[in-house]
Amino acid sequence: MNKQKALLIIKPDGVQRGLCGTILKRFEKVGLTIIGFKFASADPATVKAHYPENDVWFGKVGQRTLTNYAKKGLDAKKIFGTDNAIQIGKTVKQWLISYFQESPVLIVAVEGYETIEIVRKISGNTIPILAIPGTVRGDFSHDTIDLANEQNRPLRNIIHASDSVEDGEKEVNLWFTKEELFSYKRADEALMFPLN
Ligand code: GDP
């Protein structure tokens with residue numbers, strides 16, 4: 001069975017709140033191997049390349065707002081000037097690029113089995129108030145879509161975690177050079193996977 005790579009970013013709100021160590025510990029404890037690690041200012045072009053630039057992703061992000069607004073009887077046009085999911089997604093992407101300029105971020109590449117499912121499980125739901133306790137977002141954030149949109153900013157949900165095998169590979173290679181990535185075995189692999 002092949003291992004998978006995933007990218008984690010402790011976003012500006014996580015860094016500003018001094019949560020880097022606390023959060024990273026959770027991913028180390030579960031047994032994932034850290035293969036890349038750096039603290040850096042994210043330049044806008046890298047953030048733009050990091051988040052997808054296609055209608056499927058824009059639509060998914062915009063639909064999150066529309067679903068939430070429908071439940072509450074709110075009108076997307078008031079904030080976004082449109083109720084088109086793709087247009088809303090494009091606006092959120094612009095907000096993300098600005099948000100990443102607030103402070104440095106901690107960028108970590110991890111590797112392991114079924115890594116994508118594990119990092120998403122530990123990170124929790126994108127919408128902080130829906131993220132269950134025990135997850136990073138559930139434990140450390142309680143931002144809401146209404147408030148974030150009203151303030152023209154992305155949800156402050158502490159962490160980014162790759163959400164597909166393809167994105168994991170793409171994102172790790174976007175943020176790290178080959179020389180910044182390491183290949184080695186954790187000593188406790190022999191205990192976790194005795195027949196490896
Ligand atoms: P993720 O993989 O869980 O981070 O979720 P996405 O890739 O769908 O969205 C990227 C980021 O955009 C999220 O982590 C949020 O910070 C932000 N975001 C997503 N949807 C919304 C939204 O409807 N409104 C606002 N304000 N921000 C959003």
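Each ligand, and each atom within it, is numbered from 1 in the order the structure gives. Nothing fancy with the numbering, it's 1 onward along the sequence.
Per-residue contacts place K60 under 4.0 angstrom from the following atoms of ligand 1 (heavy atoms of the residue considered): 6 (P), 7 (O), 8 (O). Set against the non-hydrogen atoms of Y51, the atoms of ligand 1 under 4.0 Å away are 10 (C). Close contacts between ligand 1 and R153 involve ligand atoms 26 (N) [criterion: under 4.0 Å to a heavy atom]. Interface atoms of ligand 1 facing N157, defined by a heavy-atom separation under 4.0 Å, are 13 (C), 14 (O), 15 (C), 16 (O). Each of the following atoms of ligand 1 lies closer than 4.0 Å to a heavy atom of A148: 26 (N). The ligand atoms of ligand 1 that sit less than 4.0 angstrom from a heavy atom of T126 are 1 (P), 3 (O), 5 (O), 13 (C), 14 (O).
On a distance-only criterion, W95 and ligand 1 share no N/O pair closer than 3.5 Å. Residue H160 has no N or O atom closer than 3.5 Å to an N or O atom of ligand 1.
Among protein heavy atoms, the minimum distance from atom 7 (O) of ligand 1 is reached at W57 NE1, 3.1 Å. Of all protein heavy atoms, the one closest to atom 28 (C) of ligand 1 is V92 CG1, 3.6 Å. For atom 25 (C) of ligand 1, the closest heavy atom belonging to the protein is N149 OD1, 3.4 Å. Among all non-hydrogen protein atoms, the one lying nearest atom 19 (C) of ligand 1 is R64 NH1, 3.0 Å.
Considering only non-hydrogen atoms, atom 16 (O) of ligand 1 lies nearest to L155 out of I158, T144, L147, L155. Nearest-residue assignment for atom 21 (C) of ligand 1 (options V61, D143, N68; heavy-atom criterion): V61.
R156 does not count as a contact of ligand 1, since none of its heavy atoms falls under 4.0 Å from the ligand. Taking a 4.0 Å cut-off on heavy atoms, Y99 fails to register as neighbouring ligand 1. Under a 4.0 Å heavy-atom criterion, R137 is in contact with ligand 1. At least one heavy atom of R120 lies less than 4.0 angstrom from ligand 1.
In summary, of the residues considered (M192, K3, Q4), a side-chain contact (heavy atoms from CB on, under 4.5 Å) with Y113 occurs for K3 alone. Looking at T135, L155, D139 one by one, the single match for side-chain contact (heavy atoms from CB on, under 4.5 Å) with P128 turns out to be L155.
D75 has no carboxylate O lying under 4.0 Å from a charged side-chain N of K77, or vice versa, which leaves the two without a salt bridge.
Of the heavy atoms in L96, only side-chain atoms (C-beta onward) come closer than 4.0 Å to ligand 1. Looking at T65 against ligand 1, both its backbone and its side chain come within 4.0 Å, counting heavy atoms.
In this structure, a donor-acceptor pair under 3.5 Å is absent between the side chains of N157 and D143. A side-chain N or O of N149 and one of Y69 form a donor-acceptor pair less than 3.5 Å apart. E171 and S162 share a donor-acceptor pair across their side chains, judged by distance under 3.5 Å alone.
Using a 4.5 Å cut-off on side-chain heavy atoms (C-beta onward), T91 and F58 make no contact. Between T33 and E189, some side-chain heavy-atom pair lies under the 4.5 Å cut-off. Between R153 and Y99, every side-chain heavy-atom pair lies at or beyond the 4.5 Å cut-off.
Taking the six-membered ring where the residue is Trp, H50 and F100 present tilted rings, their angle falling between 30° and 60°.
Between Y51 and W95, a ring centre-to-centre spacing not shorter than 6.0 Å is recorded.
The number of heavy atoms from other shown groups lying within 6.0 Å of NZ (K25) does not exceed 12.
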